[in-house]
Amino acid sequence: MQPDLQNLVTLNGVQEAALARWRVRGWPAAKDESWRFTRLASLEKLSLRPADHSLENGASDMPAHPLIPEAHIIHFHNGLLVSDSLDNMPVGISAHLVDEDDLNAVVGLAPADHPVTDLTVAAMTSGLSLDVASGATVKNPIILMFTGDSRSVSTHPVVLLRVGECAQAVIAEWHSASVGLSAPLMAIDIADNARLDYVKIQQDDATTTHLAATGIKMGEAAVLDGFQLSTGGCLARLEAHVMLAGVSADCRLSAIYLGRQKQHHDITTNITHALSHCQSNQVIRGVLDGAARGVFQGKVHVAQDAQKTDGQQMSRALLLSPKAEADAKPELEIY
C-alpha cells in the first residue's frame, strides 16, 4: 500500500519536511520491533490516493448525536472538514483551520519518526485546531465525527487540541468510515492543573484499515482520563504516546478491543514519566472470536529524575475460538 503522493501541491515547509521523511522511511520494515505483531505487508496490493476537495460533495449533514443530543459535533467526511461544523462552538472553546505554526506544534507533540505522523502531515487536506480557554469548564461534549464513503482513498485528518490551565473538557473521536485507509493524527497539549476526559470509538467498515497516532503532553497536576473501543476495520492500530512533563501528572488509559473473523486489533501505548510523583494506569481488555488477533504493546519509560513514580499496566483477553490469538508485550524502562 503506497499512497499516490505525486499530486500533492502547495505544501508548506512543515509538510514538505514530513513528505521527505516519509519517502525515506515509508511503512515499517519487517524487522521493526514496535510493529512485530502488526505487519502491513497484506496492504501492499491496495492502490490509494489521499482524499482531496473533489470529494467534498459527498459530505452529508450530521444531526445531533442520538445518544448525546447535547454534544457539539465537528464532522470530517472523507478526511475533509465539513465547513459548518465550526459554527456555534460552545463557550470556552475556539476553533480554526490549522496554519503552519499549528502544524509545527502538531509535529512537536505527535510521535516522532512515525509513519502516520509523517504521511498524514504531508497528505492532510483538512486540519483543525481546538483550544479550550484557561479556566473554562466545557460541560457539553465535543464529538469529532469521522465518516467516509470512498474506498479508493486514504484519509489524513489532523487535529491539534490544547487544553488551557485549570480548564476541563470532554472530547470524543467517533470513526465510522468506509475508506481504504483511515490515518488520523491527534496532537494534545494538556496544561497545568487541567483535566481532559477523552474517548475514542473505532467502528470503521470491515474493509477499512485504521492506523491512528496520538501524541499527548501533560503539564503539572494535569489529569487525562482516556478510553478506547476498537471494533471495526480489517486491521486497526490505535497508538498513543504520552509525555508526563509536569510533576504529579495523572494519566489513566483503558481500552477494549472486540475482534471476530480475521480482524486484527492493536492497542499500542508509550508513556514517559519525565518528572517526579507522576502516575499512569493502563487497563486493556479484549474478546476475540474466529481467527481474530489482538495485540497490546505498552511501554512505560521512567526518566532518571522521575522519583516516586507509579506506573501500572494490566492486559487480559478472552479467546472464544481455538484460532484466535492474543499477544501482550508490556515493557518497563527505568533510569
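Just so you know, residue 1 is the first one in the sequence shown, and it goes up from there.
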- Item | Worked check of side-chain hydrogen bond (donor to acceptor under 3.5 Å, both in side chains) between Ser254 and Gln282 | CA-CA 5 Å; Ser254 57; Gln282 301 178 71; over 6 Å; no
- Task: In sequence, state the C-alpha distance, the side-chain angles, and the governing distance for Asp118 and Arg23, and then conclude on salt bridge (charged side-chain N to carboxylate O under 4.0 Å, His left out).
- Result: CA-CA 9 Å; Asp118 294 335; Arg23 284 175 168 159; over 6 Å; no
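- Nearest approach of Gln297 to Ser34, heavy atoms of both residues: NE2-O, 3.0 Å.
- Nearest heavy atom pair, residue Arg162 against residue Ala105, reads NH1-CB, 4.4 Å.
- Grouping the Ile, Leu, Val, Met, Phe, Trp and Tyr side chains by contacts below 4.5 angstrom, directly or via other members, places Ile171 with Phe76.
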- Query: When you look at Glu165 and Ser134, which way does the side-chain hydrogen bond (donor to acceptor under 3.5 Å, both in side chains) test go after all the steps?
  - Reply: CA-CA 5 Å; Glu165 290 187 18; Ser134 296; 5.9 Å; no
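- Among the candidates His277, His301, His273, Lys217, the single residue satisfying the side chain to side chain contact (heavy atoms under 4.5 Å, CB included) test with Leu244 is His273.
- Under the ring pair (Phe, Tyr, Trp, His ring centres under 6.0 Å) criterion, His265 pairs with no residue, sequence neighbours left out.
- Judged by distance alone, with hydrogens and angles left aside, the side-chain atoms of Ser276 form no donor-acceptor pair with the main-chain N or O of Ala306 at under 3.5 Å.
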- Query: Do His210 and Asp204 pass the side-chain hydrogen bond (donor to acceptor under 3.5 Å, both in side chains) test, and can you show the C-alpha distance, the side-chain angles, and the key distance before you say yes or no?
  - Reply: CA-CA 8 Å; His210 186 100; Asp204 286 335; 2.8 Å; yes
- Any chance you could lay out the ring-ring contact (aromatic ring centres under 6.0 Å, His included) test for Phe37 and His264, step after step, and finish with the verdict? CA-CA 10 Å; Phe37 297 113; His264 183 109; 8.9 Å; no
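- One hydrophobic cluster, built from ILVMFWY side chains closer than 4.5 Å, cannot hold both Leu130 and Val158; they sit in different ones.
- Shown here for Arg285 and Ser315, the closest heavy-atom pair between the two residues is NH1-C, 4.4 Å.
- Looking at Glu325, its side chain never comes within 3.5 Å of a backbone N or O of Pro322 through a donor-acceptor pair.
- In the hydrophobic clustering of ILVMFWY residues, with side-chain heavy atoms under 4.5 Å counting as a link, Leu224 and Ile93 come out together.
- Of all non-hydrogen atoms in Ala177 and Thr147, the two that sit nearest each other are CB-C, 3.7 Å.
- Minimum heavy-atom separation, Ser129 to Val98: N-CG1, 3.8 Å.
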- Item | Verdict with supporting geometry, His96 and Ser94, side-chain hydrogen bond (donor to acceptor under 3.5 Å, both in side chains) | CA-CA 7 Å; His96 63 269; Ser94 59; 5.6 Å; no
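- Not one N or O on the side chain of Asp32 forms a donor-acceptor pair closer than 3.5 Å with the backbone of Ala29.
- Heavy atoms only, all atoms of each residue included: Leu81 and Ser126 are closest at N-OG, 2.9 Å.
- Cation-pi geometry between Arg39 and Trp27 is not satisfied (NZ or CZ under 6.0 Å from the ring centre, within 45° of the ring normal).
- Under the 4.5 Å side-chain heavy-atom criterion for grouping Ile, Leu, Val, Met, Phe, Trp and Tyr, Phe296 is not connected to Leu258 through any hydrophobic cluster.
- For residues 121-144, there are no ring-ring contact (aromatic ring centres under 6.0 Å, His included) pairs, not counting sequence neighbours.
- Side-chain atoms of Asp250 never come within 3.5 Å of backbone atoms of Ser280 as a donor-acceptor pair (strictly under, hydrogens ignored).
- Without hydrogens or angle criteria, Ser85 side chain to His75 main chain gives a donor-acceptor distance under 3.5 Å.
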Side chains of residues 110-117: which donor-acceptor pairs under 3.5 Å do they make with residues two or more places apart or in other chains?
| from | atom 1 | to | atom 2 | distance (Å) |
| --- | --- | --- | --- | --- |
| Asp113 | OD1 | Arg25 | NH2 | 2.8 |
| His114 | ND1 | Val116 | N | 3.1 |
| His114 | NE2 | Glu239 | OE1 | 2.8 |
| His114 | NE2 | Glu239 | OE2 | 3.3 |
| Thr117 | OG1 | Pro111 | O | 2.8 |

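- Put simply, the residue from Asp266, Thr208, Leu181, Leu40 that forms a side chain to side chain contact (heavy atoms under 4.5 Å, CB included) with Leu235 is Leu40.
- Counting only distance, with no hydrogens or angles, the side chain of Asp192 and the backbone of Glu220 share a donor-acceptor pair below 3.5 Å.
- In this structure a side-chain-to-backbone donor-acceptor pair under 3.5 Å is present from Asn12 to Val14.
- A donor-acceptor pair under 3.5 Å is formed between the side chain of Gln263 and the backbone N or O of Thr231.
- Cluster annotation: Met314 is not connected to Leu229 through the hydrophobic network of ILVMFWY side chains, with a link wherever side-chain heavy atoms come within less than 4.5 Å.
- Judged by distance alone, with hydrogens and angles left aside, the side-chain atoms of Ser321 form a donor-acceptor pair with the main-chain N or O of Gly290 at under 3.5 Å.
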